[in-house]
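Remember, it's a predicted structure, so these values are computed and weren't measured experimentally.
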Amino acid sequence: LEEIEMLRVLAGIGLNIAEFTHEIRQFVPSFNGSINYLLEQNFGDEIKSSLVNLQDNFNRFKSYTSYIDHTITQNSNREKRPIDLRSAVRSFHEIVLKDLQSENIALIEDYYGYDLYTYSMHPSELTSVLYNLYTNAKKAIKRANNADGKIQIICGKEEGIVYIEFLDNGDGIPESNVNRIFDAFFTTSVPLGIDASQNEMATGTGLGLKIVKDIITAYSGTINLIAPEQEYVTNFRIELPQASEEQLQQYG
């Protein structure tokens, strides 16, 4: 019951975010125009530097707004279809690129094989899975005070399945917590106020990985922690059923 209540709260927050995103889009051209106008003025170096920083932060804001808007738009169409992992990861990489650059995190993509299509699923759910793993990885890298953050996404296929491995070089997951990370409400973070430092912002509800696992298992898939490759600390491996020939033909 507690879990259902929290999911209902999150669903309500999701509706508010959808409305906020819809409203905020109308202000973006005006903000862009004003920033570009100010950058063209003959200001001193200090003011110019501040304006460039403002522009960079606003570009990050636009990236997140675009991501939320894209996810909500996908979710409005409840039709399931096979998802091409190569296309999905590249699209996701493009969405978070500004954020990666600002955080000095390198994201590496590797693909093994072609036609990496999942069994029919909702596109927005796979995007949500990638985004949750990304935010967790980013927080782990912050906690590790790692100046050269690295994330790697590996996609491939084996007999009957396609897989995603999501690796990072953050502070890792203690052995004592490995069996609990997918439990509802399990989190090692304490929610903080808006004035918290960047390192302290590694917070969570304890539902992120729980929801990720629910999405994956709903499609008869699995998600597990496995041994990471060299230079990395954490590695989540997701396995999903591969699209059937009938589904691939149906959706072209």
Side-chain angles (χ1 to χ4, degrees), residues 3-4 6-8 10-15 17-18 21 63-64 66-96 107 109-137 151-168 181-184 204-205 207-226 234-252:
E3 180 182 337
I4 291 171
M6 178 58 79
L7 290 174
R8 189 171 64 246
L10 292 176
I13 293 172
L15 291 174
I17 291 173
T21 305
S63 294
Y64 277 111
S66 174
Y67 159 75
I68 295 170
D69 191 37
H70 177 67
T71 301
I72 291 168
T73 300
Q74 286 183 319
N75 203 48
S76 64
N77 180 4
R78 299 305 297 170
E79 183 183 18
K80 298 178 182 179
R81 60 181 175 83
I83 308 297
D84 175 20
L85 293 184
R86 191 186 303 266
S87 176
V89 170
R90 286 178 175 171
S91 176
F92 177 77
H93 192 166
E94 185 177 341
I95 289 168
V96 299
L107 195 159
E109 302 173 32
D110 279 314
Y111 302 96
Y112 296 95
Y114 297 93
D115 297 328
L116 305 178
Y117 285 93
T118 70
Y119 199 79
S120 289
M121 63 186 299
H122 296 303
S124 63
E125 291 182 306
L126 183 58
T127 304
S128 297
V129 167
L130 291 172
Y131 188 72
N132 190 276
L133 294 177
Y134 168 68
T135 55
N136 283 348
I151 294 173
Q152 184 176 18
I153 303 178
I154 303 171
C155 299
K157 63 180 179 180
E158 296 173 356
E159 187 173 353
I161 63 127
V162 290
Y163 66 83
I164 303 170
E165 292 187 11
F166 202 106
L167 305 90
D168 70 72
I181 57 172
F182 296 111
D183 293 346
T205 62
L207 278 175
L209 287 176
K210 160 67 174 169
I211 293 171
V212 165
K213 185 173 183 179
D214 285 349
I215 290 172
I216 299 302
T217 55
Y219 294 105
S220 301
T222 61
I223 178 169
N224 294 291
L225 272 176
I226 65 171
T234 303
N235 185 3
F236 284 96
R237 180 179 169 99
I238 296 168
E239 296 183 359
L240 289 162
Q242 190 174 359
S244 66
E245 288 297 326
E246 181 181 353
Q247 287 178 330
L248 292 177
Q249 291 175 9
Q250 178 183 351
Y251 289 91

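Note: D168 CG to Q152 CD = 11.0 Å, rounded to the nearest 0.5 Å. In this structure, F236 CZ and N224 CG are separated by 10.0 Å, a value rounded to the nearest 0.5 Å. The distance from the CG atom of N132 to the NZ atom of K210 is 13.5 Å, given to the nearest 0.5 Å. Atoms CD1 and CG, on I154 and D110 in that order, are 5.5 Å from each other to the nearest 0.5 Å. Taken to the nearest 0.5 Å, the OG1 atom of T118 stands 8.5 Å off from the CD1 atom of I164. Atom-to-atom distance recorded for R90:CZ and C155:SG is 10.0 Å, nearest 0.5 angstrom.
Between the side chains of Y219 and E125, a donor-acceptor pair is found at a separation under 3.5 Å.
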Are N136 and T234 close enough, and set up right, to give a side-chain contact (heavy atoms from CB on, under 4.5 Å), and what steps lead you there?
CA-CA 11 Å; N136 283 348; T234 303; over 6 Å; no
Starting from the C-alpha separation in whole Å, work towards a yes-or-no answer on side-chain contact (heavy atoms from CB on, under 4.5 Å) for Y251 and S120.
CA-CA 10 Å; Y251 289 91; S120 289; 4.2 Å; yes
If you apply the rule side-chain contact (heavy atoms from CB on, under 4.5 Å), what do you find for K80 with M121, and how did you get there?
CA-CA 4 Å; K80 298 178 182 179; M121 63 186 299; 5.5 Å; no
Mind running side-chain contact (heavy atoms from CB on, under 4.5 Å) on I211 and V129 for me, showing each step along the way?
CA-CA 8 Å; I211 293 171; V129 167; over 6 Å; no
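For Y134 against F92, the heavy-atom pair with the smallest separation is CB-CZ, 3.6 Å. Taking every heavy atom of both residues into account, I216 and I223 meet most closely at CG2-N, 4.2 Å. Nearest heavy atom pair, residue F166 against residue L130, reads CE1-O, 4.0 Å. Of all non-hydrogen atoms in L126 and A88, the two that sit nearest each other are CD2-CB, 3.9 Å. Taking all atoms of both residues into account, the shortest heavy-atom contact from D214 to T217 is O-OG1, 3.2 Å. Residues L240 and G221 share a closest heavy-atom pair of CD2-CA, 4.3 Å.
Annotation: cation-pi geometry satisfied between R86 and Y111 (NZ/CZ under 6.0 angstrom from ring centroid, within 45° of ring axis).
Contact of the Y117 side chain with the V162 side chain is not registered, since no non-hydrogen atoms from C-beta on lie closer than 4.5 Å. Inter-residue side-chain proximity for H93 and I153 is flagged as unmet; no heavy-atom pair is nearer than 4.5 Å. Side chains of L133 and I238 form a contact here, defined as non-hydrogen atoms less than 4.5 Å apart.
By the neighbour-count criterion of 12 heavy atoms within 6.0 Å, atom CD of E158 is densely surrounded, having more than that number from other residues, nucleotides or ligands.
Among E239, K157, Q242, the one residue that satisfies the side chain to side chain contact (heavy atoms under 4.5 Å, CB included) test with Y163 is E239.
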